[in-house]
Amino acid sequence: MPAALQAPVPSQTFEIRRFDAPVGAEIVGLDISRPINDSDFARIHRAHLDHHVLVFRDQRVQPNDQVAFSRRFGPLEIHVLHQFQLKGHPEILIVSNIRGENGEPIGLGDAGAYWHSDISYKSEPSLGSLLHAQELPSEGGDTLFADQHLAWEALSPQLQARVLPLTAEHSYLAKYEELRAKNPWRPKLSQEQIDQVKPAVQPVVRTHPETGRKALFVSEHFTTRIVGLPQAESDALLAELFAHSVKPDFVYRHRWQPHDLVFWDNRSLMHLAAGTPDHLRRKLYRTTIKGDRPR
């Protein structure tokens with residue numbers, strides 16, 4: 001049928017319910033595997049900008065549905081840990097503590113061990129990430145999100161003025177070997193992989209390209225130093241910012257339900273995996289949307 005004669009995509013009936021938390025909302029009634037018209041997509045996009053983390057409930061969908069929905073927001077990243085790509089879907093990173101038949105990990109089991117914003121170690125960090133629950137533990141496994149707009153706004157005017165003009169280095173390798181030494185989940189990186197994650201310099205305070213709101217943009221996982229400051233002064237300032245940025249007043253704790261799909265804005269938030277008991281299985285599929293250079 002010619003495009004001009006195609007029937008319009010009908011709207012889906014869904015609700016957007018804000019959480020009783022500093023950040024976040026759930027979307028109930030939407031099926032991302034079905035066509036989503038422009039009007040419905042605009043509602044979702046607006047909710048994502050307003051609430052920074054959206055929880056799409058009961059998404060009984062296939063990997064290709066997650067990939068297609070993620071692509072509505074922009075091109076997708078291919079994670080440097082190609083060992084943990086989902087077969088047939090290189091855009092999906094397996095986040096899991098499960099071992100395969102050969103005894104090797106099937107996914108990145110310690111993802112999110114420190115507070116961070118995804119892909120901040122690249123010159124163009126991530127716009128957002130989507131994580132779809134495949135297998136959840138009976139206890140633990142929560143994910144925490146900290147609103148960095150609120151963190152910025154809660155800084156004293158003196159500290160705002162001090163950090164606003166600063167830049168900082170972010171490195172994927174900052175804690176990589178430390179994490180490898182603690183657990184079996186991380187493979188040794190090849191030289192080719194190391195070359196893909198050269199450090200990037202980012203503003204300490206970034207401006208959201210769609211809303212214009214300022215947010216802190218440093219993390220204990222990837223930020224290594226403030227450019228131009230003596231190391232001791234840099235370490236002290238970063239420690240102060242790290243502690244401030246994750247105060248309870250800024251944090252939403254997500255307790256996963258079966259088939260949740262969680263979509264967060266890496267330009268607005270940091271996140272942390274609260275941890276899963278070693279004897280309980282956890283598996284999720286992550287897609288990550290490319291972003292732009294922070295300003």
Side-chain angles (χ1 to χ4, degrees), residues 21-24 48-53 112-129 143-179 197-253 264-274 288 290-295:
V23 64
H48 190 245
L49 295 178
D50 289 344
H51 304 295
H52 314 316
V53 56
Y114 295 94
W115 284 102
H116 69 287
S117 173
D118 286 335
I119 323 292
S120 72
Y121 50 82
K122 288 190 175 182
S123 60
E124 295 183 343
S126 165
L127 179 158
S129 302
T143 305
L144 282 68
F145 297 92
D147 187 328
Q148 296 308 285
H149 299 302
L150 295 180
W152 160 256
E153 291 161 3
L155 286 178
S156 69
Q158 295 79 12
L159 193 49
Q160 284 185 340
R162 181 184 178 194
V163 302
L164 187 58
L166 299 179
T167 59
E169 181 183 81
H170 293 234
S171 172
Y172 181 68
L173 304 180
K175 295 188 182 298
Y176 195 90
E177 291 304 319
E178 174 186 326
L179 288 167
V197 289
K198 294 178 180 178
V201 173
Q202 310 287 11
V204 169
V205 181
R206 71 174 298 175
T207 300
H208 196 290
E210 297 186 80
T211 68
R213 293 183 69 190
K214 287 182 169 54
L216 285 180
F217 196 59
V218 293
S219 75
E220 61 176 340
H221 195 158
F222 297 131
T223 307
T224 56
R225 64 186 179 91
I226 302 289
V227 175
L229 293 188
Q231 192 65 50
E233 184 179 348
S234 171
D235 290 345
L237 178 55
L238 285 175
E240 182 179 2
L241 294 177
F242 295 161
H244 170 81
S245 64
V246 296
K247 287 180 177 178
D249 287 349
F250 314 145
V251 174
Y252 160 64
R253 186 182 191 103
W264 65 90
D265 192 331
N266 283 305
R267 304 163 299 184
S268 300
L269 304 175
M270 289 197 296
H271 61 283
L272 173 76
T288 307
K290 292 182 179 181
D292 56 5
R293 186 181 294 275
R295 307 293 183 194

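These numbers were taken from a predicted model, which means no experiment stands behind them. Numbers here simply count residues along the sequence, with the first being 1.
Under a 3.5 Å cut-off, the side chain of Gln160 and the backbone N or O of Trp152 do form a donor-acceptor pair. Gln148 places no side-chain N or O within 3.5 Å of a backbone atom of Phe217 that could act as its donor or acceptor partner. Formation of a donor-acceptor pair under 3.5 Å by the Gln202 side chain with backbone atoms of Ser120 is found in this model.
A perpendicular orientation is assigned to the rings of His116 and His221, their planes being inclined by more than 60° (bins at 30° and 60°). Taking the six-membered ring for Trp and thresholds of 30 and 60 degrees, Tyr121 and Phe222 have ring planes more than 60 degrees apart, a perpendicular arrangement.
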Report the C-alpha separation of Lys122 and Tyr172 in whole Å, then their side-chain angles, then the decisive distance to 0.1 Å, and conclude whether the side-chain contact (heavy atoms from CB on, under 4.5 Å) test is met. CA-CA 8 Å; Lys122 288 190 175 182; Tyr172 181 68; over 6 Å; no
For the pair Thr288 and Asp118, evaluate side chain to side chain donor-acceptor pair (under 3.5 Å) and give the outcome as yes or no after the intermediate values. CA-CA 8 Å; Thr288 307; Asp118 286 335; 4.9 Å; no
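For the residue pair Ala21 and Tyr252, the shortest heavy atom distance occurs at CB-CD1, 3.9 Å. Heavy-atom minimum distance, Val23 versus His51: CG2-O, 3.0 Å. When all heavy atoms of Trp264 and His48 are compared, the closest pair comes out as C-NE2, 3.4 Å. A pairwise comparison of heavy atoms in Gly112 and Leu272 identifies O-CD1, 3.4 Å as the closest pair. Of all heavy-atom pairs between Leu150 and Asp249, the closest is CD1-O, 4.3 Å. In plain terms, the two heavy atoms of Thr167 and Val204 that are nearest each other are C-CG2, 3.9 Å.
Residues Glu240 and Leu159 form a side-chain contact, since some pair of their non-hydrogen atoms from C-beta on lies under 4.5 Å apart. The side-chain heavy atoms of Pro294 and Pro203, taken from C-beta on, include a pair separated by under 4.5 Å. Within the 4.5 Å cutoff, side-chain heavy atoms of Lys214 are placed close to those of Thr207. At least one side-chain heavy atom of Leu216 sits less than 4.5 Å from a side-chain heavy atom of Val205. The shortest distance between side-chain heavy atoms of Pro125 and Asn266 does not fall below 4.5 Å. For the pair Pro209/Asp292, a side-chain contact is recorded, criterion being any heavy-atom separation below 4.5 Å from C-beta on. Taking 4.5 Å as the limit, some side-chain heavy atom of Leu237 sits within range of a side-chain heavy atom of Arg162. A heavy-atom distance below 4.5 Å is not found between the side chains of His52 and Phe145.
Taking CD from Glu153 and CG from Asp147, the interatomic distance works out to 7.5 Å, rounded to the nearest 0.5 Å. A distance of 12.5 Å separates CG of Leu127 from NZ of Lys290, quoted to the nearest 0.5 Å. Rounding to the nearest 0.5 angstrom, the gap separating the NE2 atom in His170 from the OG1 atom in Thr224 is 8.0 Å. With rounding to the nearest 0.5 Å, the separation of OG in Ser129 from NE2 in His271 is 6.0 Å.
A salt bridge between Glu220 and Lys175 is absent, with no side-chain N of the basic residue lying under 4.0 Å from a carboxylate O of the acidic one. Using a 4.0 Å cut-off between charged side-chain N and carboxylate O, Asp265 and Arg267 make a salt bridge.
In this structure Val246 satisfies the side chain to side chain contact (heavy atoms under 4.5 Å, CB included) test together with Trp115, Ala146, Met270, sequence neighbours excluded.
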